[in-house]
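Below is one structure, written out as structure tokens; the observations come after it.
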Amino acid sequence: MRTPEETFPTHFTFGVATSAYQVEGGIENDWAEWERAGKLKEPHARCGRAVDHWHRYEEDYALAKAVGATAFRISLEWARIEPEQGRFDEAALEAYRERLLKMKAHGLRPVVTLHHFTHPSWFHRETPWHLPQSVPTFRRYARRCAALLEGLDALVISFNEPMVLLLGGYLQGAIPPGIADGALTMRALENMVRAHAAARQELLERLGRVELGISQNMLAFAPDRWWHPLDRALVRLASPAYNHAFHEALATGHLRVNMPGVASTRVAIPEARDSVEFIGVNYYSRAHLRFVPRPPFIEFKYRDTRGRGLTDIGWEDWPEGFLQTLRDVKRYGRPVWITENGIDDRTGSRRPHYLHSHLAQVLAARAEGVDVQGYLYWSLLDNFEWLEGWGPRFGLYHVDFDTLERRATPACDYFRAVATQRRLVAPGTL
Ligand code: FCB
């Protein structure tokens with residue numbers, strides 16, 4: 001007889017995750033501009049047709065079904081829907097509606113992200129996140145999105161990884177909009193919290209009820225030098241600021257960030273209080289923090305502490321941090337969804353083991369009473385990986401980037417076995 005912790009209950013959802021820009025192809029937005037400005041790691045790389053999911057979506061739904069998925073995470077591309085400020089493209093809205101209906105008809109529950117890093121280019125010129133007008137702008141877009149979701153019982157994510165967008169786009173200036181300013185970062189953060197609350201009102205008005213959350217990138221943190229008081233102090237500051245500030249604001253209506261010398265804020269946003277039904281967690285790795293005696297005083301590294309080998313993108317394979325992260329979100333008293341977890345594994349040989357070791361942590365968290373309700377693997381397909389371009393391969397399915405042919409990796413069998421048997425099987429025993 002198996003103990004309950006060894007199995008996933010029947011209501012637990014296994015699914016896959018994608019985002020519009022990374023898979024659809026043919027999108028003109030702030031990232032396309034960024035690429036043309038030569039700002040990717042490989043300056044000539046372009047997302048372009050991506051992996052043509054826009055035309056191959058039915059084939060891709062079938063691939064998801066074939067691995068036992070019953071949920072499919074997509075994002076809506078704002079630049080398709082509102083290509084010019086205030087002008088909504090009815091054909092694009094219709095196309096998304098059709099895709100969502102087909103997804104549902106395939107037996108896949110839609111998980112729909114309204115905002116996954118990208119913006120129409122006009123947004124940064126007209127109403128960037130650091131200006132208060134960004135909130136009504138997002139609200140108007142969210143109203144159109146709400147209409148697409150009618151009758152679908154979708155899980156809705158307002159923002160994907162807002163802290164990654166803000167850190168990369170507003171503090172470091174490495175991704176669009178390419179600003180590097182701590183004070184503007186905090187204003188943008190505040191407006192994104194307000195925009196979430198505004199979007200929620202639109203969703204509620206249209207749908208009556210909604211299951212809404214954000215997808216938060218959550219890192220395990222460790223001091224680079226375990227004995228160094230300043231490295232340890234950084235860890236104590238980083239986790240509340242990076243992992244929890246956004247979640248906290250949506251639970252309590254109080255936004256607090258305290259990263260001395262980097263960025264700090266403290267503001268009440270009452271409309272954001274109790275504004276999520278679930279906690280979305282994207283978990284990949286652990287970061288080692290080191291104090292450096294010059295701004296921004298913090299250095300961030302991945303290290304191979306257990307000799308497992310870094311993943312191909314260079315991240316530490318640290319399943320232990322997943323359990324720690326899930327324990328940490330128990331405080332919000334909400335159901336938890338793993339909205340992303342996955343590995344860049346260019347040969348496909350490590351992924352079954354990665355899945356096994358990470359899903360074991362999900363079961364451990366459930367056994368400790370963390371109400372994890374679903375797991376969405378990042379990603380169904382190899383795709384365009386932002387600044388890294390076409391190097392990384394996170395897909396359950398390998399994609400030949402020339403022919404766009406999708407081919408199963410060994411993790412497909414593994415994922416299907418776990419998703420259908422609802423228990424952890426050891427990789428290699430299938
Ligand atoms: C996450 C992003 C997702 C993908 C994975 C690898 O930070 O949300 O779009 O790039 O990392």
Side-chain angles (χ1 to χ4, degrees), residues 15-25 27 29-32 34-35 40-42 45 47 50-51 53 72-78 111-119 155 157-169 171-172 174-176 192 213-220 242-243 246-247 279-287 300 302 310-318 321-322 325 337-346 348 350-351 354-355 358 375-399 409 411:
V16 290
T18 64
S19 93
Y21 191 65
Q22 293 175 274
V23 296
E24 284 182 0
I27 295 170
N29 62 14
D30 56 347
W31 266 86
W34 199 251
E35 287 155 36
L40 301 188
K41 200 166 158 189
E42 206 281 84
C47 178
V51 292
H53 174 72
F72 196 116
R73 180 176 171 209
I74 61 161
S75 70
L76 302 174
E77 182 62 37
W78 190 355
V111 180
V112 181
T113 312
L114 307 190
H115 182 282
H116 195 123
F117 293 159
T118 58
H119 307 80
L155 198 70
I157 293 164
S158 58
F159 290 109
N160 179 70
E161 300 190 347
M163 298 311 262
V164 171
L165 172 72
L166 291 169
L167 202 71
L171 200 59
Q172 299 171 332
I175 61 173
M192 288 182 80
I214 58 159
S215 237
Q216 172 72 12
N217 182 279
M218 301 191 76
L219 282 161
Y242 183 82
N243 288 331
F246 218 96
H247 281 320
I279 301 294
V281 172
N282 292 358
Y283 177 80
Y284 288 94
S285 188
R286 169 164 80 160
F300 172 115
Y302 295 108
L310 295 176
T311 67
D312 287 338
I313 202 170
W315 299 349
E316 184 177 9
D317 179 358
W318 186 248
F322 203 5
T325 300
W337 278 75
I338 311 306
T339 42
E340 287 180 27
N341 173 242
I343 181 173
D344 169 19
D345 172 18
R346 300 182 196 180
R350 285 178 74 174
R351 191 170 292 109
Y354 181 95
L355 274 167
H358 285 75
Y375 175 93
L376 309 180
Y377 180 77
W378 182 274
S379 182
L380 173 69
L381 305 165
D382 293 338
N383 59 50
F384 175 78
E385 179 51 35
W386 308 114
L387 290 177
E388 302 281 329
W390 293 107
R393 291 187 175 275
F394 281 89
L396 286 176
Y397 289 88
H398 175 280
V399 179
T409 70

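Values in this document were obtained by computation on a predicted structure and should not be read as measured data. First listed ligand is number 1; within each ligand, the first listed atom is number 1. When reading the values below, keep in mind they use all heavy atoms of this one structure, side chains included, and skip hydrogens, waters and symmetry mates.
The aromatic rings of Trp386 and Tyr21 sit parallel to each other, their planes meeting at less than 30°, with 60° as the upper class boundary. Between Phe159 and Phe246, the ring planes are perpendicular. Angles over 60° get that label, and only those under 30° would be called parallel. Ring geometry, Phe394 versus Tyr284: the interplanar angle exceeds 60°, so the pair is classed perpendicular (tilted spans 30 to 60°).
Checked against a 3.5 angstrom limit, the closest N/O atoms of Trp386 and ligand 1 fall inside it. Considering backbone and side-chain atoms together, Trp378 places no N or O closer than 3.5 Å to any N or O of ligand 1. For ligand 1, none of its N or O atoms has an N or O atom of Trp315 under 3.5 Å away.
Across the listed options Phe394, Tyr284, Phe384, Tyr284 owns the non-hydrogen atom lying nearest to atom 5 (C) of ligand 1.
No donor-acceptor contact under 3.5 angstrom links the side chains of Glu340 and Ser215, judged on distance only. Under 3.5 Å, the side chains of Asp317 and Tyr354 contain no donor-acceptor pair of N or O atoms.
Under a 4.0 Å criterion applied to the non-hydrogen atoms of Gln22, ligand 1 contributes the atoms 3 (C), 4 (C), 9 (O), 10 (O). Ligand-side atoms of ligand 1 in range of Asn160: 8 (O), range being under 4.0 angstrom from any heavy atom.
The protein heavy atom nearest to atom 10 (O) of ligand 1 is Glu385 OE1, 2.7 Å. Looking only at heavy atoms of the protein, atom 7 (O) of ligand 1 is closest to Glu161 OE1, 2.5 Å. Among all non-hydrogen protein atoms, the one lying nearest atom 3 (C) of ligand 1 is Glu340 OE1, 3.5 Å.
Residue-level proximity to ligand 1 for Val164 is absent, since no heavy atom of it falls below 4.0 angstrom.
Between Met163 and Leu219, the closest side-chain pair of non-hydrogen atoms is not below 4.5 Å. Residues Leu310 and Glu316 form a side-chain contact, since some pair of their non-hydrogen atoms from C-beta on lies under 4.5 Å apart.
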